[in-house]
Number of protein chains: 2
Amino acid sequence: MEKPEPLWLAIHDTLRDEIARGQWRAGSRLPTEADLAQRFGVNRHTVRRALAALAEAGLVQARRGAGVFVRAAERLPYRIGPRTRFHQNLLDTGRAPSRRILHTALARATEVEADALSLRPDAPLHVVEGISLADDQPVSLFRSAFCATRFPELGRHLASGDSITRALRALGVPDYTRKSTRISGYAADVLQARHLEIAPGDMLLLSEAINIDPDGRPLEYGRTFFVAARVDLVLDGPETGAIVA
Amino acid sequence: MEKPEPLWLAIHDTLRDEIARGQWRAGSRLPTEADLAQRFGVNRHTVRRALAALAEAGLVQARRGAGVFVRAAERLPYRIGPRTRFHQNLLDTGRAPSRRILHTALARATEVEADALSLRPDAPLHVVEGISLADDQPVSLFRSAFCATRFPELGRHLASGDSITRALRALGVPDYTRKSTRISGYAADVLQARHLEIAPGDMLLLSEAINIDPDGRPLEYGRTFFVAARVDLVLDGPETGAIVA
DNA sequence: GTAGATTTGTCCGTATGTATA
DNA sequence: ATATACATACGGACAAATCTA
(Lines give C-alpha, C1' and ligand atoms only; values in the text may rest on other atoms or scores of the structure.)
Protein backbone atom coordinates (compact mmCIF):
# COMPACT_ATOMS: atom_id res chain seq x y z
CA MET A 1 0.00 0.00 0.00
CA GLU A 2 1.05 3.57 -0.62
CA LYS A 3 1.46 6.01 2.16
CA PRO A 4 -1.35 8.53 1.73
CA GLU A 5 -0.34 12.17 1.43
CA PRO A 6 -1.74 14.24 4.29
CA LEU A 7 -4.67 16.39 3.36
CA TRP A 8 -3.02 19.59 4.47
CA LEU A 9 0.04 18.84 2.35
CA ALA A 10 -2.07 18.34 -0.75
CA ILE A 11 -3.79 21.66 -0.08
CA HIS A 12 -0.43 23.30 0.56
CA ASP A 13 0.94 22.03 -2.76
CA THR A 14 -2.14 23.12 -4.66
CA LEU A 15 -1.96 26.65 -3.27
CA ARG A 16 1.79 26.80 -3.79
CA ASP A 17 1.41 25.87 -7.45
CA GLU A 18 -1.39 28.35 -7.93
CA ILE A 19 0.78 31.09 -6.46
CA ALA A 20 3.74 30.07 -8.60
CA ARG A 21 1.49 30.11 -11.64
CA GLY A 22 0.43 33.65 -10.81
CA GLN A 23 -3.17 32.75 -10.10
CA TRP A 24 -2.86 34.73 -6.88
CA ARG A 25 -0.81 37.81 -7.55
CA ALA A 26 1.87 39.04 -5.20
CA GLY A 27 0.36 41.32 -2.60
CA SER A 28 -3.18 40.13 -3.17
CA ARG A 29 -5.35 38.49 -0.55
CA LEU A 30 -6.12 34.81 -0.60
CA PRO A 31 -9.67 33.64 0.01
CA THR A 32 -10.53 33.46 3.70
CA GLU A 33 -9.70 30.35 5.66
CA ALA A 34 -13.41 29.58 5.78
CA ASP A 35 -13.72 29.86 2.00
CA LEU A 36 -10.70 27.69 1.40
CA ALA A 37 -12.01 25.14 3.87
CA GLN A 38 -15.26 24.97 1.94
CA ARG A 39 -13.46 24.81 -1.40
CA PHE A 40 -11.33 21.85 -0.33
CA GLY A 41 -14.08 20.32 1.75
CA VAL A 42 -12.05 20.23 4.95
CA ASN A 43 -12.08 21.77 8.37
CA ARG A 44 -10.71 25.25 8.81
CA HIS A 45 -7.83 23.91 10.90
CA THR A 46 -6.64 21.76 8.05
CA VAL A 47 -6.46 24.80 5.80
CA ARG A 48 -4.63 26.62 8.57
CA ARG A 49 -2.05 23.85 8.67
CA ALA A 50 -1.44 24.32 4.93
CA LEU A 51 -1.26 28.09 5.24
CA ALA A 52 1.16 27.79 8.14
CA ALA A 53 3.50 25.79 5.94
CA LEU A 54 3.21 28.37 3.16
CA ALA A 55 3.94 31.13 5.67
CA GLU A 56 6.92 29.15 6.95
CA ALA A 57 8.26 29.04 3.40
CA GLY A 58 7.68 32.78 3.10
CA LEU A 59 5.14 32.55 0.32
CA VAL A 60 2.25 34.06 2.24
CA GLN A 61 1.80 36.27 5.26
CA ALA A 62 -1.28 36.40 7.45
CA ARG A 63 -2.57 39.55 9.07
CA ARG A 64 -5.08 39.02 11.81
CA GLY A 65 -8.38 40.58 10.94
CA ALA A 66 -7.29 41.35 7.42
CA GLY A 67 -6.51 38.09 5.66
CA VAL A 68 -3.71 36.02 4.21
CA PHE A 69 -1.62 37.82 1.64
CA VAL A 70 0.66 36.52 -1.08
CA ARG A 71 4.20 37.70 -0.67
CA ALA A 72 6.47 38.25 -3.63
CA ALA A 73 7.40 34.84 -4.95
CA GLU A 74 10.63 33.74 -3.43
CA ARG A 75 13.55 33.99 -5.77
CA LEU A 76 16.35 31.54 -5.98
CA PRO A 77 19.48 33.12 -4.53
CA TYR A 78 22.19 32.46 -7.09
CA ARG A 79 25.56 33.04 -5.57
CA ILE A 80 28.17 34.73 -7.73
CA GLY A 81 31.75 34.62 -6.60
CA PRO A 82 35.21 33.54 -7.61
CA ARG A 83 34.03 29.92 -7.74
CA THR A 84 30.61 30.12 -9.29
CA ARG A 85 29.40 26.61 -10.08
CA PHE A 86 25.88 26.05 -11.24
CA HIS A 87 25.35 22.60 -9.82
CA GLN A 88 26.79 23.26 -6.39
CA ASN A 89 25.01 26.57 -6.23
CA LEU A 90 21.61 24.99 -6.58
CA LEU A 91 22.36 22.03 -4.35
CA ASP A 92 23.29 24.52 -1.62
CA THR A 93 19.79 25.98 -1.72
CA GLY A 94 18.08 22.62 -1.82
CA ARG A 95 17.07 22.65 -5.49
CA ALA A 96 17.53 19.96 -8.06
CA PRO A 97 19.82 21.32 -10.79
CA SER A 98 19.67 20.16 -14.38
CA ARG A 99 20.82 21.33 -17.79
CA ARG A 100 19.40 21.07 -21.26
CA ILE A 101 21.90 21.52 -24.09
CA LEU A 102 20.34 23.32 -27.02
CA HIS A 103 23.25 23.60 -29.35
CA THR A 104 26.97 23.06 -29.65
CA ALA A 105 29.06 24.42 -32.47
CA LEU A 106 32.49 25.36 -33.68
CA ALA A 107 32.32 29.08 -34.40
CA ARG A 108 34.62 32.02 -35.01
CA ALA A 109 35.14 34.57 -32.29
CA THR A 110 33.32 37.86 -32.54
CA GLU A 111 35.12 41.01 -31.54
CA VAL A 112 33.67 40.93 -28.05
CA GLU A 113 34.46 37.26 -27.51
CA ALA A 114 37.99 37.62 -28.83
CA ASP A 115 38.55 40.56 -26.53
CA ALA A 116 37.23 38.69 -23.50
CA LEU A 117 39.36 35.61 -24.15
CA SER A 118 42.48 37.49 -25.27
CA LEU A 119 42.31 35.90 -28.71
CA ARG A 120 42.43 37.41 -32.15
CA PRO A 121 39.08 37.96 -33.89
CA ASP A 122 37.88 34.99 -35.95
CA ALA A 123 39.76 32.57 -33.73
CA PRO A 124 37.98 29.19 -33.57
CA LEU A 125 35.73 28.69 -30.54
CA HIS A 126 33.75 25.86 -29.07
CA VAL A 127 30.38 27.29 -28.25
CA VAL A 128 27.68 25.65 -26.17
CA GLU A 129 24.21 27.01 -25.57
CA GLY A 130 21.61 25.64 -23.24
CA ILE A 131 19.05 26.06 -20.51
CA SER A 132 19.63 25.69 -16.80
CA LEU A 133 16.77 24.44 -14.67
CA ALA A 134 16.02 24.32 -10.96
CA ASP A 135 13.45 21.71 -9.97
CA ASP A 136 12.68 21.40 -13.70
CA GLN A 137 11.83 25.09 -14.00
CA PRO A 138 13.98 27.10 -16.43
CA VAL A 139 16.00 29.75 -14.66
CA SER A 140 18.57 30.78 -17.23
CA LEU A 141 19.82 30.62 -20.80
CA PHE A 142 23.56 30.31 -21.13
CA ARG A 143 26.11 30.55 -23.88
CA SER A 144 29.69 29.56 -23.18
CA ALA A 145 32.66 30.02 -25.48
CA PHE A 146 36.05 28.28 -25.19
CA CYS A 147 39.17 28.57 -27.29
CA ALA A 148 39.07 25.63 -29.71
CA THR A 149 42.77 25.78 -30.44
CA ARG A 150 43.58 25.17 -26.81
CA PHE A 151 40.87 22.55 -26.27
CA PRO A 152 40.46 20.67 -29.54
CA GLU A 153 38.65 17.83 -27.82
CA LEU A 154 36.20 19.95 -25.84
CA GLY A 155 33.48 19.74 -28.45
CA ARG A 156 32.67 16.13 -27.68
CA HIS A 157 32.42 16.71 -23.95
CA LEU A 158 30.14 19.67 -24.37
CA ALA A 159 27.77 17.92 -26.74
CA SER A 160 27.46 15.00 -24.34
CA GLY A 161 25.87 17.30 -21.79
CA ASP A 162 28.61 16.64 -19.29
CA SER A 163 29.34 19.16 -16.57
CA ILE A 164 31.67 21.87 -17.81
CA THR A 165 33.74 21.64 -14.65
CA ARG A 166 34.24 17.93 -15.28
CA ALA A 167 34.93 18.36 -18.98
CA LEU A 168 37.66 20.88 -18.25
CA ARG A 169 39.15 18.67 -15.57
CA ALA A 170 39.39 15.85 -18.09
CA LEU A 171 41.28 18.21 -20.37
CA GLY A 172 43.85 19.17 -17.79
CA VAL A 173 42.29 22.22 -16.15
CA PRO A 174 41.92 21.28 -12.48
CA ASP A 175 40.31 24.51 -11.42
CA TYR A 176 39.06 27.82 -12.72
CA THR A 177 37.92 31.04 -11.11
CA ARG A 178 35.77 34.00 -11.98
CA LYS A 179 37.80 36.95 -13.17
CA SER A 180 35.07 39.46 -13.79
CA THR A 181 31.33 39.72 -14.00
CA ARG A 182 29.08 42.33 -15.52
CA ILE A 183 25.41 42.39 -14.69
CA SER A 184 22.80 44.19 -16.73
CA GLY A 185 19.09 44.13 -17.33
CA TYR A 186 17.30 43.37 -20.57
CA ALA A 187 13.86 42.47 -21.83
CA ALA A 188 13.36 38.94 -23.14
CA ASP A 189 12.87 38.54 -26.87
CA VAL A 190 10.47 36.00 -28.34
CA LEU A 191 12.98 33.18 -28.61
CA GLN A 192 14.38 33.64 -25.12
CA ALA A 193 10.86 33.83 -23.75
CA ARG A 194 9.94 30.51 -25.33
CA HIS A 195 12.99 28.74 -23.98
CA LEU A 196 12.58 30.14 -20.49
CA GLU A 197 8.80 29.72 -20.36
CA ILE A 198 8.12 33.39 -19.72
CA ALA A 199 6.45 36.17 -21.69
CA PRO A 200 8.36 38.25 -24.26
CA GLY A 201 9.37 41.51 -22.64
CA ASP A 202 9.77 39.92 -19.21
CA MET A 203 12.85 40.95 -17.34
CA LEU A 204 16.19 39.19 -17.70
CA LEU A 205 19.40 39.68 -15.79
CA LEU A 206 22.39 39.22 -18.05
CA SER A 207 25.57 38.06 -16.38
CA GLU A 208 28.66 38.28 -18.57
CA ALA A 209 31.54 36.41 -17.02
CA ILE A 210 35.15 35.63 -17.79
CA ASN A 211 36.64 32.58 -16.12
CA ILE A 212 40.38 32.10 -15.90
CA ASP A 213 42.59 29.13 -15.14
CA PRO A 214 44.99 29.06 -12.15
CA ASP A 215 47.65 30.72 -14.33
CA GLY A 216 45.36 33.64 -14.99
CA ARG A 217 44.73 32.81 -18.63
CA PRO A 218 41.20 33.47 -19.88
CA LEU A 219 39.40 30.20 -20.29
CA GLU A 220 35.72 30.76 -20.81
CA TYR A 221 33.54 33.63 -21.83
CA GLY A 222 30.00 33.03 -20.70
CA ARG A 223 26.79 34.97 -21.11
CA THR A 224 23.90 33.88 -18.92
CA PHE A 225 20.39 35.34 -19.08
CA PHE A 226 18.61 34.76 -15.77
CA VAL A 227 14.85 35.12 -15.41
CA ALA A 228 14.72 38.10 -13.07
CA ALA A 229 11.46 36.95 -11.50
CA ARG A 230 13.02 33.66 -10.48
CA VAL A 231 16.57 34.52 -9.47
CA ASP A 232 18.46 36.97 -7.30
CA LEU A 233 22.18 37.29 -7.82
CA VAL A 234 23.99 37.24 -4.50
CA LEU A 235 27.51 38.48 -3.89
CA ASP A 236 28.38 37.25 -0.47
CA GLY A 237 30.79 38.36 2.16
CA PRO A 238 33.79 36.03 2.16
CA GLU A 239 33.26 35.38 -1.50
CA THR A 240 33.61 39.01 -2.48
CA GLY A 241 35.40 40.20 0.60
CA ALA A 242 38.67 41.98 0.26
CA ILE A 243 40.50 40.25 3.03
CA VAL A 244 40.73 36.56 3.67
CA ALA A 245 42.68 35.67 6.72
CA MET B 1 23.30 88.67 -21.34
CA GLU B 2 23.15 84.93 -21.58
CA LYS B 3 24.91 83.10 -24.27
CA PRO B 4 22.14 81.64 -26.42
CA GLU B 5 22.29 77.88 -26.91
CA PRO B 6 22.69 76.98 -30.58
CA LEU B 7 19.58 75.55 -32.17
CA TRP B 8 21.30 72.35 -33.24
CA LEU B 9 22.58 71.79 -29.71
CA ALA B 10 19.10 72.12 -28.26
CA ILE B 11 17.84 69.60 -30.78
CA HIS B 12 20.80 67.35 -30.02
CA ASP B 13 20.04 67.45 -26.30
CA THR B 14 16.36 66.78 -26.84
CA LEU B 15 17.07 63.73 -28.98
CA ARG B 16 19.74 62.50 -26.60
CA ASP B 17 17.35 62.67 -23.67
CA GLU B 18 14.62 60.95 -25.65
CA ILE B 19 16.98 58.12 -26.52
CA ALA B 20 18.16 57.84 -22.94
CA ARG B 21 14.56 57.77 -21.79
CA GLY B 22 13.87 54.89 -24.13
CA GLN B 23 11.53 56.81 -26.38
CA TRP B 24 13.56 55.57 -29.34
CA ARG B 25 14.54 52.01 -28.70
CA ALA B 26 17.99 50.64 -29.46
CA GLY B 27 18.13 49.39 -33.03
CA SER B 28 15.07 51.31 -34.11
CA ARG B 29 15.02 53.97 -36.82
CA LEU B 30 14.65 57.61 -35.98
CA PRO B 31 12.20 59.71 -37.96
CA THR B 32 13.68 60.94 -41.25
CA GLU B 33 15.72 64.09 -41.26
CA ALA B 34 12.86 65.81 -43.07
CA ASP B 35 10.39 64.76 -40.41
CA LEU B 36 12.64 65.91 -37.62
CA ALA B 37 13.23 69.22 -39.39
CA GLN B 38 9.49 69.75 -39.58
CA ARG B 39 8.98 68.74 -35.93
CA PHE B 40 11.55 71.23 -34.65
CA GLY B 41 10.64 73.89 -37.22
CA VAL B 42 14.16 74.14 -38.56
CA ASN B 43 16.03 73.50 -41.74
CA ARG B 44 17.11 69.94 -42.50
CA HIS B 45 20.76 70.96 -42.19
CA THR B 46 20.24 72.04 -38.61
CA VAL B 47 18.90 68.58 -37.80
CA ARG B 48 21.87 67.07 -39.62
CA ARG B 49 24.21 69.03 -37.39
CA ALA B 50 22.48 67.59 -34.30
CA LEU B 51 22.51 64.06 -35.70
CA ALA B 52 26.18 64.38 -36.57
CA ALA B 53 26.94 65.19 -32.94
CA LEU B 54 24.89 62.21 -31.79
CA ALA B 55 26.73 59.97 -34.25
CA GLU B 56 30.01 61.37 -33.01
CA ALA B 57 29.00 60.38 -29.48
CA GLY B 58 28.09 56.92 -30.74
CA LEU B 59 24.41 57.12 -29.90
CA VAL B 60 23.12 56.86 -33.46
CA GLN B 61 24.40 55.53 -36.74
CA ALA B 62 23.24 56.73 -40.17
CA ARG B 63 22.94 54.40 -43.12
CA ARG B 64 22.65 56.10 -46.47
CA GLY B 65 19.29 55.38 -48.09
CA ALA B 66 18.01 53.57 -44.98
CA GLY B 67 17.78 56.05 -42.16
CA VAL B 68 19.34 56.93 -38.84
CA PHE B 69 19.38 54.10 -36.31
CA VAL B 70 19.69 54.17 -32.56
CA ARG B 71 22.64 52.24 -31.29
CA ALA B 72 22.45 50.55 -27.93
CA ALA B 73 22.79 53.36 -25.45
CA GLU B 74 26.06 53.07 -23.65
CA ARG B 75 25.58 52.07 -20.09
CA LEU B 76 27.51 53.41 -17.20
CA PRO B 77 29.64 50.66 -15.69
CA TYR B 78 28.97 50.84 -11.97
CA ARG B 79 31.59 48.95 -10.06
CA ILE B 80 30.48 46.93 -7.06
CA GLY B 81 33.06 45.64 -4.65
CA PRO B 82 34.15 45.72 -1.04
CA ARG B 83 34.67 49.48 -1.26
CA THR B 84 31.77 50.68 -3.33
CA ARG B 85 31.68 54.48 -3.24
CA PHE B 86 29.30 56.33 -5.48
CA HIS B 87 31.32 59.46 -6.03
CA GLN B 88 34.62 57.78 -6.76
CA ASN B 89 32.88 55.25 -8.95
CA LEU B 90 31.53 57.88 -11.28
CA LEU B 91 34.65 59.99 -11.30
CA ASP B 92 36.56 56.89 -12.43
CA THR B 93 34.43 56.68 -15.55
CA GLY B 94 34.63 60.37 -16.27
CA ARG B 95 31.13 61.34 -15.20
CA ALA B 96 30.03 64.14 -12.96
CA PRO B 97 28.40 62.65 -9.86
CA SER B 98 25.72 64.41 -7.88
CA ARG B 99 23.07 63.59 -5.34
CA ARG B 100 19.62 64.90 -4.62
CA ILE B 101 18.27 64.19 -1.14
CA LEU B 102 14.54 63.54 -1.23
CA HIS B 103 13.88 62.74 2.35
CA THR B 104 15.47 62.09 5.70
CA ALA B 105 13.65 60.68 8.66
CA LEU B 106 13.89 58.91 11.97
CA ALA B 107 12.02 55.65 11.48
CA ARG B 108 11.60 52.29 13.16
CA ALA B 109 13.32 49.26 11.70
CA THR B 110 11.23 46.86 9.69
CA GLU B 111 11.87 43.18 10.08
CA VAL B 112 14.15 43.08 7.06
CA GLU B 113 16.12 46.13 8.14
CA ALA B 114 16.49 44.88 11.69
CA ASP B 115 17.72 41.56 10.40
CA ALA B 116 20.24 43.17 8.06
CA LEU B 117 21.64 45.45 10.76
CA SER B 118 21.51 42.90 13.60
CA LEU B 119 19.10 45.06 15.54
CA ARG B 120 15.79 44.25 17.13
CA PRO B 121 12.65 45.15 15.17
CA ASP B 122 11.34 48.65 15.80
CA ALA B 123 14.83 49.88 16.67
CA PRO B 124 15.25 53.56 15.75
CA LEU B 125 16.92 54.21 12.39
CA HIS B 126 18.15 57.22 10.49
CA VAL B 127 16.85 56.84 6.99
CA VAL B 128 17.86 58.85 3.97
CA GLU B 129 16.36 58.61 0.51
CA GLY B 130 17.55 60.30 -2.62
CA ILE B 131 18.49 60.25 -6.26
CA SER B 132 21.95 59.73 -7.68
CA LEU B 133 22.79 61.43 -10.94
CA ALA B 134 25.54 61.12 -13.50
CA ASP B 135 26.03 64.16 -15.66
CA ASP B 136 22.69 65.41 -14.27
CA GLN B 137 20.86 62.33 -15.49
CA PRO B 138 19.19 60.19 -12.81
CA VAL B 139 20.75 56.76 -12.57
CA SER B 140 19.47 55.43 -9.27
CA LEU B 141 17.15 55.82 -6.32
CA PHE B 142 18.68 54.97 -3.00
CA ARG B 143 17.51 54.42 0.54
CA SER B 144 20.03 54.03 3.34
CA ALA B 145 19.32 53.08 6.93
CA PHE B 146 21.63 53.51 9.92
CA CYS B 147 21.23 52.63 13.55
CA ALA B 148 20.09 55.82 15.30
CA THR B 149 21.12 54.60 18.73
CA ARG B 150 24.70 54.23 17.61
CA PHE B 151 24.75 57.46 15.58
CA PRO B 152 22.42 59.92 17.31
CA GLU B 153 23.97 62.84 15.44
CA LEU B 154 23.81 61.33 11.97
CA GLY B 155 20.47 62.86 11.11
CA ARG B 156 21.91 66.34 10.74
CA HIS B 157 24.70 65.21 8.47
CA LEU B 158 22.35 63.28 6.22
CA ALA B 159 19.88 66.09 5.85
CA SER B 160 22.64 68.48 4.91
CA GLY B 161 23.33 66.44 1.80
CA ASP B 162 26.86 65.71 2.90
CA SER B 163 28.63 62.63 1.61
CA ILE B 164 27.82 59.57 3.65
CA THR B 165 31.44 58.54 3.76
CA ARG B 166 32.33 61.92 5.19
CA ALA B 167 29.46 61.96 7.65
CA LEU B 168 30.50 58.60 9.04
CA ARG B 169 34.11 59.68 9.28
CA ALA B 170 33.03 62.69 11.34
CA LEU B 171 31.23 60.29 13.68
CA GLY B 172 34.23 58.09 14.24
CA VAL B 173 33.93 55.47 11.50
CA PRO B 174 37.12 55.82 9.47
CA ASP B 175 36.21 53.14 6.93
CA TYR B 176 33.50 50.71 5.95
CA THR B 177 33.29 47.80 3.56
CA ARG B 178 30.65 45.90 1.68
CA LYS B 179 29.65 42.72 3.43
CA SER B 180 27.08 41.39 1.01
CA THR B 181 25.13 42.41 -2.04
CA ARG B 182 22.02 41.00 -3.58
CA ILE B 183 21.00 41.99 -7.08
CA SER B 184 17.55 41.52 -8.49
CA GLY B 185 15.36 42.90 -11.24
CA TYR B 186 12.11 44.78 -10.84
CA ALA B 187 9.76 46.93 -12.85
CA ALA B 188 9.58 50.60 -11.92
CA ASP B 189 6.40 51.81 -10.28
CA VAL B 190 4.90 55.20 -11.00
CA LEU B 191 6.73 57.05 -8.26
CA GLN B 192 10.10 55.54 -9.07
CA ALA B 193 9.56 56.27 -12.74
CA ARG B 194 8.88 59.93 -12.05
CA HIS B 195 11.97 60.36 -9.93
CA LEU B 196 14.20 58.54 -12.39
CA GLU B 197 12.70 60.13 -15.50
CA ILE B 198 11.74 56.84 -17.07
CA ALA B 199 8.47 55.14 -17.90
CA PRO B 200 6.56 53.05 -15.34
CA GLY B 201 7.34 49.39 -15.94
CA ASP B 202 10.86 50.12 -17.15
CA MET B 203 13.50 47.85 -15.79
CA LEU B 204 15.31 48.50 -12.54
CA LEU B 205 18.21 46.66 -10.99
CA LEU B 206 17.86 46.54 -7.23
CA SER B 207 21.07 46.26 -5.27
CA GLU B 208 20.60 45.47 -1.58
CA ALA B 209 23.79 45.97 0.34
CA ILE B 210 25.02 45.66 3.88
CA ASN B 211 28.08 47.69 4.82
CA ILE B 212 30.10 46.89 7.91
CA ASP B 213 32.68 48.77 9.92
CA PRO B 214 36.26 47.53 10.35
CA ASP B 215 35.12 45.51 13.39
CA GLY B 216 32.61 43.65 11.28
CA ARG B 217 29.58 45.29 12.83
CA PRO B 218 26.71 46.06 10.43
CA LEU B 219 26.64 49.77 9.77
CA GLU B 220 24.36 50.53 6.87
CA TYR B 221 21.60 48.77 5.05
CA GLY B 222 21.12 50.28 1.64
CA ARG B 223 18.71 49.60 -1.20
CA THR B 224 19.54 51.15 -4.54
CA PHE B 225 17.34 50.96 -7.62
CA PHE B 226 19.43 51.48 -10.75
CA VAL B 227 17.89 52.29 -14.12
CA ALA B 228 18.81 49.14 -16.00
CA ALA B 229 18.97 50.97 -19.33
CA ARG B 230 21.60 53.34 -17.96
CA VAL B 231 23.79 51.20 -15.71
CA ASP B 232 25.68 47.92 -15.76
CA LEU B 233 26.86 46.51 -12.47
CA VAL B 234 30.44 45.36 -12.70
CA LEU B 235 32.13 42.95 -10.31
CA ASP B 236 35.78 43.11 -11.11
CA GLY B 237 38.62 40.75 -10.59
CA PRO B 238 40.73 41.99 -7.69
CA GLU B 239 37.67 43.63 -6.20
CA THR B 240 35.75 40.39 -5.92
CA GLY B 241 38.73 38.12 -5.73
CA ALA B 242 39.04 35.78 -2.81
CA ILE B 243 42.64 36.41 -2.04
CA VAL B 244 44.35 39.71 -1.55
CA ALA B 245 48.06 39.48 -1.01
C1' DG C 1 -15.40 58.62 15.25
C1' DT C 2 -18.10 54.57 16.30
C1' DA C 3 -20.43 50.15 15.99
C1' DG C 4 -20.73 45.99 13.94
C1' DA C 5 -19.18 42.55 10.76
C1' DT C 6 -15.29 40.06 9.09
C1' DT C 7 -11.14 37.52 9.57
C1' DT C 8 -7.23 35.52 11.71
C1' DG C 9 -5.02 33.67 16.24
C1' DT C 10 -5.41 30.70 20.09
C1' DC C 11 -7.34 27.76 23.10
C1' DC C 12 -10.29 23.82 24.41
C1' DG C 13 -11.68 18.99 23.34
C1' DT C 14 -12.48 14.39 20.59
C1' DA C 15 -11.32 10.74 17.47
C1' DT C 16 -8.38 7.97 14.37
C1' DG C 17 -4.47 5.82 12.24
C1' DT C 18 0.64 4.91 12.41
C1' DA C 19 5.07 4.25 14.06
C1' DT C 20 7.79 2.93 18.07
C1' DA C 21 9.26 0.79 22.44
C1' DA D 1 0.31 -8.31 21.42
C1' DT D 2 0.15 -4.13 24.25
C1' DA D 3 1.03 0.38 25.51
C1' DT D 4 2.70 4.82 24.34
C1' DA D 5 3.62 8.73 21.63
C1' DC D 6 2.74 11.39 17.68
C1' DA D 7 0.68 13.37 13.59
C1' DT D 8 -3.60 14.09 11.36
C1' DA D 9 -8.30 15.73 11.13
C1' DC D 10 -12.60 17.67 12.88
C1' DG D 11 -15.62 20.69 15.80
C1' DG D 12 -16.43 24.59 18.66
C1' DA D 13 -15.67 28.95 21.32
C1' DC D 14 -13.66 33.20 22.10
C1' DA D 15 -10.05 36.96 21.68
C1' DA D 16 -7.73 40.33 18.91
C1' DA D 17 -6.99 42.92 14.88
C1' DT D 18 -8.96 44.87 10.93
C1' DC D 19 -12.21 46.61 7.72
C1' DT D 20 -16.51 48.92 6.49
C1' DA D 21 -20.74 51.28 6.60
Side-chain angles (χ1 to χ4, degrees), chain A residues 1-77 90-96 134-137 229-230 232, chain B residues 102-127 129 143 145 147-149 184 186-194 200-201 206 208 221 223 225:
Chain A
M1 286 296 282
E2 259 193 64
K3 184 163 58 178
E5 188 183 30
L7 259 179
W8 68 265
L9 228 187
I11 294 170
H12 165 272
D13 290 348
T14 301
L15 291 174
R16 176 172 52 81
D17 291 348
E18 289 181 356
I19 291 170
R21 210 171 298 133
Q23 187 161 337
W24 312 105
R25 271 182 300 181
S28 70
R29 214 197 68 179
L30 286 184
T32 65
E33 293 175 353
D35 287 346
L36 288 173
Q38 185 170 30
R39 171 184 161 192
F40 291 111
V42 299
N43 189 273
R44 180 177 155 232
H45 294 294
T46 308
V47 169
R48 281 183 62 75
R49 180 72 184 82
L51 290 175
L54 289 173
E56 183 72 23
L59 269 86
V60 302
Q61 192 171 20
R63 278 171 50 214
R64 164 155 32 169
V68 179
F69 295 82
V70 179
R71 294 181 25 141
E74 201 188 338
R75 300 177 177 202
L76 170 69
L90 263 68
L91 291 175
D92 288 347
T93 61
R95 322 273 172 140
D135 295 336
D136 294 321
Q137 186 184 48
R230 297 179 189 150
D232 282 354
Chain B
L102 293 175
H103 186 66
T104 63
L106 194 61
R108 305 221 155 258
T110 65
E111 210 168 306
V112 177
E113 291 169 334
D115 193 51
L117 290 172
S118 301
L119 300 172
R120 67 186 185 288
D122 296 326
L125 295 179
H126 285 301
V127 171
E129 293 178 14
R143 180 179 200 280
C147 175
T149 313
S184 45
Y186 290 96
D189 64 32
V190 178
L191 202 62
Q192 293 171 324
R194 185 158 51 218
L206 167 60
E208 296 177 80
Y221 172 62
R223 293 164 56 92
F225 288 92

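Below, read A as the first sequence line, B as the second, and so on, with proteins coming before strands; counting in each chain starts at 1. Side-chain atoms are counted along with the backbone in the values below, which use heavy atoms only and exclude waters and symmetry mates.
For B:E129, the side-chain hydrogen bond (donor to acceptor under 3.5 Å, both in side chains) partners at least two apart in sequence or on another chain are B:R143. Under the side-chain contact (heavy atoms from CB on, under 4.5 Å) criterion, B:T149 pairs with B:P124, B:C147, not counting sequence neighbours. The side-chain contact (heavy atoms from CB on, under 4.5 Å) test applied to A:L30 returns A:W24, A:L51, A:V60, A:V68, A:V70, not counting sequence neighbours. The side-chain hydrogen bond (donor to acceptor under 3.5 Å, both in side chains) test applied to A:R49 returns no partner, not counting sequence neighbours. In this structure, the side-chain hydrogen bond (donor to acceptor under 3.5 Å, both in side chains) partners of A:D35, at least two apart in sequence or on a different chain, are A:T32. In this structure, the side-chain contact (heavy atoms from CB on, under 4.5 Å) partners of A:L9, at least two apart in sequence or on a different chain, are A:E5, A:P6, A:H12, A:D13. Looking at residues two or more places apart in sequence or on another chain, you find a salt bridge (charged side-chain N to carboxylate O under 4.0 Å, His left out) between A:R44 and A:E33. Under the rule for a side-chain hydrogen bond (donor to acceptor under 3.5 Å, both in side chains), A:R64 has no partner lying at least two apart in sequence or in another chain. Residues passing the side-chain contact (heavy atoms from CB on, under 4.5 Å) test with A:A66, sequence neighbours excluded: A:R63, A:F69.
Taken from CG in A:L54 to CD1 in A:I19, the straight-line distance is 5.5 Å, to the nearest 0.5 Å.
Residues from residues 32-41 of chain A lying near DNA chain C, meaning a heavy-atom separation below 4.0 Å, are A:T32, A:E33 in numerical order.
C:dT8 atom P lies 9 Å from atom CG of A:L30, rounded to whole Å. C:dT10 atom C1' lies 16 Å from atom CZ of A:R49, rounded to whole Å. Atom CG of A:L51 and atom C1' of C:dT7 are 12 Å apart (whole Å). Distance A:R29 CZ to C:dT8 C1': 11 Å, rounded to the nearest Å.
For A:N43, no side-chain nitrogen or oxygen approaches OP1 or OP2 of D:dA9 to under 4.0 Å. Applying the 4.0 Å criterion to OP1 and OP2 of C:dT8, one finds that A:R48 has every side-chain N and O outside that range.
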Polar-atom pairs under 3.5 Å, protein N or O versus N or O of nucleotides 1-5 of chain C: list them with distances, or write none.
none

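A salt bridge links A:R39 with A:E18; the closest basic N to acidic carboxylate O contact falls under 4.0 Å.
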message: Counting primed atoms plus P, OP1 and OP2 as sugar-phosphate and everything else as base, spell out the protein contacts along nucleotides 13-21 of chain D at 4.0 Å heavy-atom distance: B, S or - for each nucleotide, 5' to 3'.
response: B--BBBS--
